[in-house]
Amino acid sequence: MRQHDTLFIGGDWVAPAGTGTIDVISPHTEEVVGRVPEGTPADMDRAVAAARRAFDHGPWPRMTMAERAAVVGRLAEIYAARQGEMAEIITEEMGSPITFSQMAQAPQPLGMLQYYAELGATFPVEEERPGTFGPVTVRREPVGVVAAIVPWNVPQFVIMIKLAPALVAGCTIVVKPAPETPLDSYLLAEMVKEAGIPDGVVNIVAAGREAGEHLVSHPGVDKVAFTGSTAAGRRIGSICGEQLKRCTLELGGKSAAIILDDCDLSSAMGFLSIASLMNNGQACVAQTRILASRNRYDEVVDAVAAMVRSMPVGDPADPATGIGPLVAQRQQARVEDYIRIGIDEGAKPVVGGLERPLDRGWYVAPTVFAGATNEMRIAREEIFGPVLTVIPYEDEADAVRIANDSDYGLAGTVWTADTERGMEVARQVRTGTYGVNLFMIETSSPFGGFKSSGLGRELGPEGLAAYLEYKSIARLG
């Protein structure tokens, strides 16, 4: 069992203020596989104080951006050597199939470190502009102490989408991992220490909701970066609004995959299996609404059903597994409740349903609903599990209307033999990240949502800008 007795605060492993612990339970075996201290508000106070000292008095924000980028580059090298270990830990603690952990859970965070190390080496900190009475220097400075609140589904991805640009910008940070997945953050802390990042620049305290809200509202925090549910995002946004505190919120999604009539279904299904069911369906960007024209509706339903049947359900550590367990028993119950809701609403499960595929572990049957409408709850609410809903449309304009008829706007795709036609559809769907015949989150491009899917952008140069304040210095002559 992976057991830790300390927290990473001020560049050192320190005893927690309280006696509470967090048991990490394998969603496959339902057995305890790890135990860590449960952070308290007092621990958050210590972590913020350490980050505040490091920002106000330490060397990190006073180094050049290129110098900081070089240190982040060292962290990337260390991360690269241990990414296999990182993938195994994430699969163990939250049930992500090992193939997905090896393909995305560990490599994508590494890619972010590498990207921001490279970007920071040449990013302009100051630029000159003409002013009324003389030149104006526009300067970019770090925003300050950052609180990063991280969910359990892609823990390292979400940590790094915040940590990498924040470090290059010159910020210091307190990371609060989710209580379901704290183990990976301990491995990250070891790497941070090995990379020589100054004490207090990175602090990591796993904790629950009470300590998390304490961190968000702490007067020593200058910016909050949160990824999670829309409900929690509204609460965090309200706190930040009251305090005029900067915040980035990446929230929920209910993304639509539009399948046009000219689509080659056999080719599309290979990509759509990842876009719709990655990480056991526990992804905010998952394409869970499949939009098919009435002309090919039955054909699309059959293709989606065959795709889901072809993905083996089982032990996430087995490379043959396509869909593993959900992260927790409550998540299993939530997804099964939605399957009941879909049946009660009149949709038909053509694959899956309420019979569990395994007797042990927090598994649900991957389910495909046909005969659904966009007004049903299974088409409007984020389920966060392997449940897909196939919805008919009349024509291309109707498909765009249905895709846009959502409280969310995080991701989406269109599948077509005509790339230019796909681009025209992409331009009409109000969502932050879109794909034509694929779906990817590109490290070099901004990621975030429209509507209730959040505020602000992460990744790309825009993700670095989110951790910078702009200062204008005018001078005479």
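A quick note: this is a predicted structure, and the numbers were derived from the prediction, not measured. Every heavy atom of this structure was used, including side-chain atoms; hydrogens, water molecules and symmetry mates were not. Start at 1 with the first residue, then count along the sequence.
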request  = Look at the rings of Tyr363 and His28 and say which category their plane angle falls in: under 30° parallel, 30 to 60° tilted, over 60° perpendicular.
outcome  = perpendicular
task = Evaluate ring-ring contact (aromatic ring centres under 6.0 Å, His included) for Phe157 paired with Trp152, printing each intermediate quantity in order.
result = CA-CA 10 Å; Phe157 177 93; Trp152 46 259; over 10 Å; no
message = Distance check, rounded to the nearest 0.5 Å: Ile90 atom CD1 versus Glu85 atom CD?
response = 11.0 Å
ask   = Taking atom types as modelled, is there a side-chain donor on Thr91 or Ser101 under 3.5 Å from an acceptor on the other?
value = yes
ask   = To the nearest 0.5 Å, what is the distance between SG (Cys284) and CG (Leu410)?
value = 5.0 Å
query = Mind checking whether Ile149 and Thr227 have side chains closer than 4.5 Å, heavy atoms only?
reply = no
request  = Flag the pair Asp337 and Arg334 as a salt bridge only when some basic side-chain nitrogen lies within less than 4.0 angstrom of an acidic carboxylate oxygen.
outcome  = no
ask   = In Å and rounded to the nearest 0.5 Å, what is the CG to CD1 distance from Leu251 to Ile236?
value = 8.5 Å
ask   = Is any side-chain heavy atom of Arg68 less than 4.5 Å from a side-chain heavy atom of Thr64?
value = no
key: Side-chain ion pair, Lys162 and Glu458, N-O less than 4.0 Å   = yes
ask   = Looking at side-chain heavy atoms only, is the closest gap between Phe447 and Glu442 below 4.5 Å?
value = no
query = Taking NZ, NE, NH1 and NH2 as the nitrogens, is one of them in Arg35 or Asp5 under 4.0 Å from a carboxylate oxygen of the other?
reply = no
query = How long is the gap from CD on Glu38 to OG1 on Thr19, to the nearest 0.5 Å?
reply = 9.5 Å
query = Considering the options Arg140, Arg246, Lys223, Arg139, which one meets the salt bridge (Lys or Arg N to Asp or Glu O under 4.0 Å) requirement together with Glu469?
reply = Arg246
ask   = Do Tyr79 and Gln156 meet the criterion of a side-chain donor-acceptor pair at a distance under 3.5 Å?
value = yes
Listed partners of Ala49 passing side-chain contact (heavy atoms from CB on, under 4.5 Å), at least two apart = Arg53
ask   = Does the side chain of Ser452 pick up a donor-acceptor pair with the side chain of Asp407 at under 3.5 Å?
value = no
message = Classify the ring geometry of Trp13 against Tyr186: parallel below 30°, tilted from 30° to 60°, perpendicular beyond 60°.
response = parallel
ask   = Between Arg457 and Glu250, does at least one N-O distance fall below 4.0 Å, as a salt bridge requires?
value = no
query = Do Ser453 and Lys254 have side-chain atoms, one donor and one acceptor, less than 3.5 Å apart?
reply = no
inquiry  = Does the structure place the NZ or CZ of Lys451 under 6.0 Å from the centre of the six-membered ring of Tyr408, at an angle of no more than 45° from the ring's axis?
reply    = no
Test: Glu128 and Arg475 ion pair at under 4.0 Å = yes
task = Would you mind reporting whether Val175 and Val146 have side-chain heavy atoms less than 4.5 Å apart?
result = no
ask   = Less than 4.0 Å between a side-chain N and a carboxylate O, is that true for Lys471 and Glu126?
value = no
